[in-house]
Chemist: 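Before anything else, here's the structure in question.
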Amino acid sequence: MKSKKTIAYDSDQKQLFLDLSLEKREAFEYLYKKMLELCIPKASSFGMSDDDAQDLLQECLASFVNNIRNGKYTWQPNTKITTYCFSIFLNHLRKKYNLTKSSLFTDINNYDLDNGEFYEEDSDEEEQVRILKHLKNALGELRQECQDLLHWFYVEELSLSEIAERQGITLGTATTKRFRCFSYLREKMLRYQ
């Protein structure tokens with residue numbers, strides 16, 4: 001049976017962040033359980049054993065905790081902590097298998113950004129064309145700065161450090177801008193659903 005606090009974390013990401021910041025055990029247990037549900041299937045798709053996937057997940061969560069402690073990660077409204085942690089996991093997975101970002105997201109159309117989970121593909125080619133059309137329209141609604149940043153990060157696969165250097169900004173600012181631009185894109189995509 002779920003505790004009241006665990007149920008609260010499902011709907012209150014700010015409380016989860018605060019409790020993680022205070023290093024409360026139940027917050028870490030909640031996050032670990034949620035991340036296992038996301039990461040094990042993804043790691044399995046690359047042939048990783050569950051034990052190896054759990055080891056990799058623990059490395060990622062240690063990175064996340066360090067990011068909280070040193071202030072690299074701060075509370076971000078309208079963002080699920082599991083989504084941020086999953087991106088860390090994907091980056092570690094990418095490095096482990098020397099993959100490109102695009103190869104990790106061959107099933108991106110099957111990733112539910114709101115729930116932070118994959119769903120079974122049951123759409124046909126017309127549905128995929130419709131989604132790509134909406135994505136193109138949503139991207140077109142973004143400011144040019146966001147379009148450029150998302151293109152550099154996801155298509156050209158530049159690191160945030162490279163993007164920061166290109167724009168003459170700090171790494172922290174580049175990270176924040178990427179997050180905000182992706183959030184804007186997600187909001188615009190949700191209007192098309």
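Positions are given from 1, in the same order as the sequence printed here.
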Chemist: Regarding D148 and Q144, do their side chains bring together a donor and an acceptor under 3.5 Å, going by distance alone?
Modeler: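 Looking only at side-chain atoms, Q144 and D148 do form a donor-acceptor pair, the distance falling under 3.5 Å.
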
Chemist: Sort out for me which residue in T82, I88, I40 forms a side chain to side chain contact (heavy atoms under 4.5 Å, CB included) with M35.
Modeler: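 The single option meeting the side chain to side chain contact (heavy atoms under 4.5 Å, CB included) with M35 is T82.
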
Chemist: When you group the ILVMFWY residues by side-chain heavy-atom contacts below 4.5 Å and let the links chain together, are F179 and L160 in the same group?
Modeler: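 No.
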
Chemist: In Å and rounded to the nearest 0.5 Å, what is the CG to CE distance from L57 to M48?
Modeler: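 Here the rounded value is 10.0 Å.
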
Chemist: Report the distance from atom CG of L31 to atom CD of E26, rounding to the nearest 0.5 Å.
Modeler: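 These two atoms lie 13.0 Å from each other.
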
Chemist: Do Y30 and D19 have a side chain donor and acceptor closer than 3.5 Å?
Modeler: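 Per modelled atom types, Y30 and D19 side chains form no pair under 3.5 Å.
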
Chemist: What's the shortest heavy-atom distance between N67 and Y84, and which atoms?
Modeler: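 Heavy atoms only, the tightest pair is ND2-OH, 3.0 Å.
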
Chemist: Which residue pairs pass the disulfide (SG to SG under 2.5 Å) test with at least one member in residues 131-175, sequence neighbours excluded?
Modeler: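 Sorted pair list: C146-C181.
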
Chemist: Where do Y32 and L61 come nearest, in terms of heavy atoms and distance?
Modeler: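 Looking at all heavy atoms of both residues, the shortest contact is CD1-CD1, 3.5 Å.
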
Chemist: Distance check, rounded to the nearest 0.5 Å: K33 atom NZ versus Y9 atom OH?
Modeler: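 Output value for this atom pair is 13.5 Å.
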
Chemist: Could you tell me if the side chain of Y154 sits less than 4.5 Å from the side chain of F182, heavy atoms only?
Modeler: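 In short, these two side chains touch, coming nearer than 4.5 Å.
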
Chemist: Of all heavy-atom pairs between D50 and S44, which one has the smallest distance, and what is that distance?
Modeler: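 Scanning both residues completely, I find the closest heavy atoms to be OD1-OG, 3.9 Å.
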
Chemist: Going by heavy atoms in the side chains, are R178 and T175 under 4.5 Å from each other?
Modeler: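 In short, these two side chains do not touch, never coming nearer than 4.5 Å.
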
Chemist: Write down the atom of F28, the atom of E23, and the distance for their closest heavy-atom approach.
Modeler: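 Closest pair (atom of F28, atom of E23, distance): CE1-CA, 3.3 Å.
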
Chemist: Verify the neighbour count for atom CD of E37: are there more than 12 heavy atoms of other residues, nucleotides or ligands below 6.0 Å?
Modeler: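 Buried by this count: over 12 neighbours within 6.0 Å.
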
Chemist: What's the separation between atom NZ in K177 and atom OG1 in T170, rounded to the nearest 0.5 Å?
Modeler: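 These two atoms lie 9.0 Å from each other.
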
Chemist: Is there a path of hydrophobic side-chain contacts, each under 4.5 Å between heavy atoms of I, L, V, M, F, W or Y residues, that connects I169 with L158?
Modeler: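 Cluster IDs for I169 and L158 differ.
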
Chemist: State the CG-OG distance between L171 and S159, to the nearest 0.5 angstrom.
Modeler: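 The CG atom of L171 sits 8.0 Å away from the OG atom of S159.
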
Chemist: Work out which heavy atom in S21 is nearest to a heavy atom in I68; give both atom names and the distance.
Modeler: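 Here S21 and I68 meet closest at OG-CG2, 3.8 Å.
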
Chemist: Do side-chain atoms of N70 reach the backbone of N66 as a donor and acceptor pair under 3.5 angstrom?
Modeler: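 Judged by distance alone, yes, a pair lies under 3.5 Å.
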
Chemist: Between Q147 and G140, what is the shortest heavy-atom contact and its length?
Modeler: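 Answer, listing the atom of Q147 first, then G140: NE2-O, 3.6 Å.
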
Chemist: Rounded to the nearest 0.5 Å, what's the gap from CD1 on I163 to NE2 on H151? Could you check?
Modeler: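 Rounded to the nearest 0.5 Å, the CD1-NE2 separation comes to 10.0 Å.
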
Chemist: Are F64 and L18 linked, directly or through other ILVMFWY residues, by side chains that come within less than 4.5 angstrom of each other?
Modeler: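 Result: yes, single cluster for both.
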
Chemist: Can you confirm whether more than 12 heavy atoms, excluding those of R180, are under 6.0 Å from its CZ atom?
Modeler: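 No.
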
Chemist: Does any non-hydrogen side-chain atom of C85 lie less than 4.5 Å from one of K34?
Modeler: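 Side chain of K34 against side chain of C85, heavy atoms only: no contact under 4.5 Å found.
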
